[in-house]
Amino acid sequence: FPFSSAVNTAADPNQLAPKTFDELFRTELEKRNDYKWVSPSSVEYVLQGGGLRADAERFVDNWRTKRQADTEFLKKIGTALQVDGVLIGVVDVWQQTQVDVRANAAAASYVGATVTVFDVKDGHVLFEASDENMLEGVRSEDRDKQIIRSGAGQIYSDPTGGLYKAPPL
């Protein structure tokens, strides 16, 4: 699914955060050979053609706000896409620095997200990862810190950033 946003609309009125993260994340996914990824155009075709767009948006919103997964929707989308799992992403952090137009500098953007993979057969969370700084609500100098949460709910922490390194953004 396309990334959605949990960022206040005042902070991101043009919805650049989910579009930016979606583009960067998909670029990294396409480099992987250990999974077969369904193209965004195929997902879009199924969502539009199958009348599932509103259901998909409701699914992501319910997961983001209530942590409730609609297993019937997952079964339906899994059958339509012929997949075993569904990945959703929600942008949680979006910060753009302002630069004086007279200065010879580039603006910096910080973006962070929670990525969750669901089993379409039963709705169980197979994988979930978030930026640790987003979870704590603070930023640190070490931006490689992450929290990895398995489907069983066990949390793995990698303070060195060496085991589960996020795609470079």
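For Lys75 against Lys121, the heavy-atom pair with the smallest separation is CE-O, 3.1 Å. Pairing each heavy atom of Ala80 with each of Val46, the nearest pair is CB-CG1, 3.6 Å. Between Ala69 and Gly123, the closest heavy-atom pair is CB-O, 4.0 Å. Heavy-atom minimum distance, Val60 versus Ser4: CG1-OG, 3.1 Å. Here the closest heavy-atom approach between residue Glu72 and residue Asp70 is recorded as N-OD1, 3.1 Å. Across Ser42 and Leu81, no two heavy atoms sit closer than the pair O-CD2, 4.1 Å.
Evaluated for a side-chain contact (heavy atoms from CB on, under 4.5 Å) with Ile77, the options Leu47, Asp55, Val83 yield exactly one hit, Leu47.
Summarising the geometry, atom CZ belonging to Arg32 is positioned 13.0 Å from atom CD belonging to Glu30; distances are rounded to the nearest 0.5 Å. In this structure, the separation between CG on Leu74 and CZ on Phe59 is 4.0 Å, given to the nearest 0.5 Å. In this structure, Arg64 CZ and Asp92 CG are separated by 9.0 Å, a value rounded to the nearest 0.5 Å.
Between Phe118 and Trp63, the angle of the ring planes goes over 60°, which puts this pair in the perpendicular group of the 30/60° scheme. The aromatic rings of Phe73 and Phe1 lie tilted to each other, with the angle between the two planes from 30° to 60°.
Of the possible donor and acceptor atoms, one in the side chain of Asp22 sits under 3.5 Å from a partner among the backbone N and O of Phe3. The backbone N or O of Ala17 sits less than 3.5 Å from a side-chain atom of Asp12, completing a donor-acceptor pair. Judged by distance alone, with hydrogens and angles left aside, the side-chain atoms of Asn14 form no donor-acceptor pair with the main-chain N or O of Leu16 at under 3.5 Å.
By the 6.0 Å contact criterion, CG on Asn33 is open, its count of non-hydrogen atoms from other residues, nucleotides or ligands being 12 or less. Other residues, nucleotides and ligands place more than 12 heavy atoms under 6.0 Å from the CD atom of Glu44.
Contact check on Arg58 versus Asp61 returns no salt bridge, with no Lys/Arg side-chain nitrogen under 4.0 Å from an Asp/Glu carboxylate oxygen.
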